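First up is the structure itself, then whatever we jot down about it.
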Amino acid sequence: VFSLLPPLSRTIALRNICYFVLTPMAVAGHDEDEQEEFKMDTLDDSLCLLKVRGQGTVYERAHWHRWVHVWVLDLTGASVLLVQRSQQAIPFRGLWTCCMGPVAEGEPSLLSAQKILARDLKLQYDDDRFEFLFSCKDAQVWEGTWLRHCIDVYIVPLTKSLNSEDLGFEHDCVSDVRYTTVNEIASAFLTGDPSYVISQCPEYNYRLLRSLNKLFIDYHKQRPADDSDDEREHHQAMQLLDRLTETGEVGEAATKGEVHRQSEWHRQAHIWLFDLESGSVLLRQKPLRRKNFGGCWNCLNALVEAGESSTMAAFQSLKEDIGLRDCQPSDLEFVFQCKIELQAVEDCLLRQVADVYCVLIPRESLPKAPAISDLRFHSGECVAARYMPVAELEDIWRGKQEADDLIIPLDSGRVEYADRLFFYFRQQLRKAQKALAPP
């Protein structure tokens with residue numbers, strides 16, 4: 001059976017077997033003054049078992065010893081639970097980190113992980129809720145003392161966030177808890193944020209962040225398709241977007257949720273369906289339950305994911321949001337690009353670099369403007385549609401008419417957007433009228 005296990009599992013199993021077998025031999029070597037202390041296995045540089053010693057001696061003499069980290073995850077919200085160690089906690093008092101602590105002599109690290117989670121947060125889970133990620137050596141100085149840890153890293157993936165009623169943390173160990181994102185943790189590691197416990201081993205930071213990102217992405221990829229607003233919001237929060245600088249340069253990718261919360265510039269495709277015969281444009285209504293602009297009207301739009309072209313994002317919106325299956329990417333005419341800002345809920349400012357497209361009707365794929373009854377709405381993005389004359393829409397954008405249910409950019413970008421959009425519409429109408437005029 002042992003030979004059938006994967007290499008990593010064989011290593012962990014063999015080490016735990018050695019702890020149980022060798023610990024009785026090591027106990028005979030205990031120092032008499034250590035009998036009442038928390039006992040720990042000390043290791044040599046190759047992480048082979050040396051001797052059982054008291055915690056104080058281990059810290060004083062800077063011995064290698066076993067340590068465990070437990071990261072609690074909210075898969076649905078793509079967030080990580082952090083704990084702030086109390087001022088009485090040794091080591092790392094007052095710092096933000098995961099649940100952590102030493103492994104007792106001869107004890108499997110999984111059992112220690114369960115005990116530490118129960119001690120710090122009063123959370124009790126069976127073995128199968130813990131997933132082992134990796135082991136790593138880490139040595140660093142804390143308050144003048146060398147700490148040499150052989151860390152076993154575990155995660156506890158949950159499908160919902162824990163509230164205060166679920167937690168009962170021990171104030172001698174933990175003084176506060178909060179959820180954060182992987183990107184915020186990565187930023188703390190990169191900048192050396194003094195309020196965090198930061199491993200001095202680059203391998204630890206790389207493997208942890210890579211594993212957490214992969215877990216969140218894989219979880220959302222494997223979730224069954226669901227058109228409910230809540231499910232779609234959770235899925236979209238995991239979309240990776242390109243962060244943009246003020247000058248339009250592409251920065252590091254981040255999730256949609258993080259980009260929106262931090263009011264960072266990102267790319268968006270706007271799609272206007274313009275019926276030349278009636279001089280009107282198609283507007284769609286967002287679902288009432290949407291967090292931002294629920295029940296409001298605007299043109300079709302789509303987030304442009306990291307590395308994606310805005311043309312393809314716009315094309316997918318036509319097909320999926322209103323069911324225009326006969327359209328082709330070539331039907332989309334790029335009109336202009338403009339930076340706009342939108343005031344969303346909870347003081348969230350959405351900053352978009354909008355690529356504006358237009359589908360002129362009639363055309364080969366759309367001989368006439370589609371009837372509203374013929375459209376097939378994606379319930380997560382659109383619940384209704386209507387045509388509005390361009391002249392009326394321009395009056396609303398210019399402030400000559402009131403319409404509280406239309407999504408209109410703030411003044412910083414609205415004027416430029418309106419000038420360029422309605423100039424284009426008038427230009428296309430003149431061309432169409434000229435083409436229809438008798439020779």
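This one's a predicted model, so the numbers in the text were calculated from it and none came from an experiment.
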Legend entry - Contacts of Asp404 that satisfy salt bridge (Lys or Arg N to Asp or Glu O under 4.0 Å) - sequence neighbours left out: none

Inset, instruction - Give, for atom CD1 of Ile271 and atom CG of Asp331, the distance between the pair rounded to the nearest 0.5 Å. - result: 13.0 Å

Legend entry - Residues which pass salt bridge (Lys or Arg N to Asp or Glu O under 4.0 Å) with Glu131, listed by chain and number, not counting sequence neighbours: none

Legend entry - His270 and Tyr417 aromatic ring geometry - parallel, tilted or perpendicular at 30°/60° bounds: tilted

Legend entry - Lys/Arg-Asp/Glu bridge criterion (N-O < 4.0 Å) met for Lys339, Glu416: no

Inset, instruction - For Ser195, enumerate each residue passing the side chain to side chain contact (heavy atoms under 4.5 Å, CB included) test, keeping only those at least two apart in sequence or located in another chain. - result: Trp96, Asp193

Legend entry - Partners passing side chain to side chain contact (heavy atoms under 4.5 Å, CB included) against Ser211 (at least two apart in sequence or in another chain): Leu133

Legend entry - Counterpart residues, side chain to side chain donor-acceptor pair (under 3.5 Å), relative to Ser187 (two or more places apart): none

Legend entry - Ionic contact status for Asp152 with Arg66, cut-off 4.0 Å: no

Legend entry - Exercise: do Arg53 and Thr42 side chains pair donor with acceptor under 3.5 Å: yes

Legend entry - Mutual orientation of the aromatic rings belonging to Phe130 and Tyr125 [parallel < 30°, tilted 30-60°, perpendicular > 60°]: perpendicular

Legend entry - Residues which pass side chain to side chain donor-acceptor pair (under 3.5 Å) with Ser310, listed by chain and number, not counting sequence neighbours: Asp355, Tyr357

